[in-house]
Amino acid sequence: MAPFRALGRVVVDIRGWGRSTIVLYGSFGVSLVAFPLTALVNTDLTRAVAGSFMQLFEIVALVLGVRVSRHPRLDQRTRRGWRIVAMSFALLAISGVLFIVGGPNLAVPSAADAFRLAFVPVLLTGLLSLPLRLTSTNDRYRLILDIGTVVAGSFMVLWYTSLGPALSAHGALVAPLAVAVAYPIGDLVLVFGATTVLLRGTATSVRRPSCILATAAGLLVVGDLGVTHVWKRSQEQTWPFLFWMSAVFLMAAAAHEQHRQAHRHRLDRNGETTDHTPRPVTTLPYLAIALGYSLLLVRAVRENLYPWGGLVAGAFVITGLVVTRQILVLRKNHELVATDSLTGLANRVRLRENLQRAMARAQRSGRHVAVLLVDMDGFKQINDTLGHDAGDSMLVAFGHLLTHSVPTTDCTIGRLGGDEFAIVLNDIDGYDAAVAVARHIVAGMTRPMTVLDRQMVAHASIGIALSHADSDQPSELLRRADMAMYLAKRHNTGSWRLYADAQPEPAGGTPCRLEEDLRLALRDGQLGLRYQPIVTLGSGQLVGLEALVRWEHPEHGQIPPQTFVTVAEQTGLITQLGNWVLQRSCRQVRAWQRDLPAGQRLQLNVNISPHQLTERGSLVEDVLTTLRHTDFDPRDLTLEITEGA
């Protein structure tokens, strides 16, 4: 379940352990060893040792809670929630001191009981004050019903173990009865708070600490079930102390984990986090139903099989069948939400979620995640000539091709939209594994596919990107794969390219940074033109000029044209750049033409990128508009296009 997975990630991720982490977890390890050893000697000694460690963890939790509530890198709501949680830790620490001072002969009720009971609503307020996951109206109604189910199941257990016996035992003793009833009610409040956090889910920034706090609240309730609080305090029961001690330790661990996350996330770029989107723990209501009915069934068997045994067993079976049907319906609904309706593959939402989780695991393990972006070539022509039914059939067949071409199960195959697919390969060593998958796909495309009784061969271009540093984000990895895919599409249909091949020379930094800088250069006039003369060999007379664009970067100096032109082509800036070159050169050469002797002409040559021919379909319009605005004679303009166009 999510709480234990959250705690497990804290323990396993030893790379971020500091001295305080080692001391905290080391102290808990010592307490776990001391607890059974002292139980072999004396029960009173065991309770004394457990009580001492509990008091230690309560004080540590208070100190850590105050520290994290003042952390400058946490948002205001998170700090406010942790201030309230720290107040609950203070109440718990005070009650612990009073219980130790009072000893086994402590009066009922006492000040210790008051502080211990006050701890519950304050902790609940703190838990609900932390940033929770946003919910829609329908989700809110379902959440209320699920929480009610868990609380009702917990009430059945508390009634059987604590609340019912308390009401029967104390009769008219008002004060002891009030305290004896207050503790189970407090436990029910803790169950409500923990269930709300786990079922609703939290913001990513507080996911692990909140799950650990919810687990602590659950352990407190389990410990309370071991004894009938006030009136059995002197009995020889020790194992509840193990749960109480563990619960208090987890409170300190939650505060420490929140501080550690806030300190570590300062290294993330743009405030992004590598943790995946938190999911609520949706199995709790069903566990509560099973627990409540199991308790009824056990009690009915112990009392008398007739009449209650058969009735309870029948109710148990009916409820189990209804719950099973509900689970199947929910799973079906989830599949509809997270699956592409046409191909049956993962849709964009599930693909990004799985990519986030895969990258988080890869960063912890030191391995890699690869994204293969697959874009079909010529799909628009299929739609235009054969119709959309043929296009849909082609997409379905291509989805099957991808599914059978990927020789691994540790991956996610999805459709991003249109004719664009993506494959996420988890936990790989490097580019070799991704290249092997790309080769399988390319080999599979050589076999004809049946599309509406026609035999057709699919063609696609594949871009491959590999995760590297801890700062990688899913959106960045998809962007790199997209750049590599466009490189493959430009060079050869039905091929694959690595992102490493798509990267420009290192003079200007990363492609994403170059794109941002190029946009600024176009806006701020950092680009310039150089004119290469064209002369006749016989006379040496100047007859024309070729306009060449140059970029003097304020930080990196002269950026080679092949570098920033490639980035412009991959990011869609090439049309804007091409129009700028055309307008500026036409205006400048027209000014020089006015100073020439009558009858002498000056030719202008301008390079045109192949992408300008297809990207927007407005090349003719752009050229004619420029000629009009600059009063340039069309007979003096030559547009140079590469042979590959």
Side-chain angles (χ1 to χ4, degrees), residues 1-7 120-121 123-124 127-128 132-133 135 138-166 181 183-202 210-226 228-229 240 243 246-247 250 278-302 308-309 311-331 333-334:
M1 292 177 61
F4 300 104
R5 287 199 301 267
L7 183 60
V120 173
L123 178 63
L124 174 67
L127 275 173
L128 300 184
L132 299 176
R133 186 175 64 92
T135 57
N138 289 335
D139 287 341
R140 198 172 298 120
Y141 291 145
R142 187 176 60 190
L143 178 67
I144 293 173
L145 294 174
D146 288 344
I147 293 174
T149 301
V150 176
V151 172
S154 302
F155 173 78
M156 294 172 67
V157 177
L158 289 169
W159 174 264
Y160 182 73
T161 59
S162 302
L163 198 54
V181 170
Y183 272 97
I185 293 177
D187 289 338
L188 208 58
V189 172
L190 288 177
V191 170
F192 170 78
T195 303
T196 301
V197 169
L198 296 177
L199 284 178
R200 180 171 177 176
T202 61
S210 298
C211 287
I212 295 173
L213 278 177
T215 306
L219 291 179
L220 278 178
V221 174
V222 173
D224 291 347
L225 292 177
T228 310
H229 300 277
F243 288 94
S246 301
L250 288 182
R279 287 185 174 183
V281 184
T282 55
T283 55
L284 281 181
Y286 308 118
L287 293 177
I289 292 173
L291 182 63
Y293 271 102
S294 297
L295 186 63
L296 282 176
L297 189 59
V298 169
R299 188 60 186 174
V301 170
R302 285 184 177 180
W308 294 109
L311 295 177
V312 172
F316 188 91
V317 171
I318 292 173
T319 306
L321 293 174
V322 173
V323 168
T324 302
R325 182 181 182 278
Q326 180 68 11
I327 292 175
L328 294 176
V329 171
L330 290 175
R331 181 173 297 179
N333 290 340
H334 177 72

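What's counted below: heavy atoms across the whole structure, side chains too, no hydrogens, waters or symmetry copies. Throughout, residue positions are numbered sequentially from 1 according to the sequence presented. Just so you know, these numbers come straight off a predicted model, no measurement behind them.
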| Side chains of Leu198 and Cys211: does their closest heavy-atom pair fall under 4.5 Å? | yes
| task | Please examine the side chains of Leu188 and Leu158, heavy atoms only from C-beta on, and report whether any two atoms are closer than 4.5 Å. | result | yes
| request: Could you tell me the separation between the CD1 atom of Ile144 and the OG1 atom of Thr149, rounded to the nearest 0.5 Å? | output: 11.5 Å
| query | Looking only at heavy atoms, which two atoms of Gly223 and Pro240 are closest? And how far apart? | reply | O-CB, 3.3 Å
| Heavy-atom pair with the smallest gap, counting every atom of Pro184 and Val181 | CD-O, 3.2 Å
| remark: Nearest heavy-atom approach of Asp187 to Val221 is O-CG2, 3.6 Å
| Any Ile147 side-chain heavy atom under 4.5 Å of Leu143 side chain | yes
| remark: Sequence neighbours excluded, the answer for side-chain contact (heavy atoms from CB on, under 4.5 Å) partners of Val157 is Thr161, Leu225, Leu291, Leu295
| request: Would you check if Val150 and Asp146 make a side-chain contact, meaning some heavy-atom pair closer than 4.5 Å? | output: no
| Min side-chain heavy-atom separation Leu220-Phe243 under 4.5 Å | no
| remark: Across all chains, not counting sequence neighbours, the side-chain contact (heavy atoms from CB on, under 4.5 Å) partners of Ala217 are Leu190, Ala194
| field | Test item: Val189 and Pro121 side chains (from C-beta on) under 4.5 Å apart, heavy atoms | value | no
| field | Side chain to side chain, Pro285 and Leu199, heavy atoms closer than 4.5 Å | value | yes
| message | Which residues pass the ring-ring contact (aromatic ring centres under 6.0 Å, His included) test with Phe155, not counting sequence neighbours? | response | none
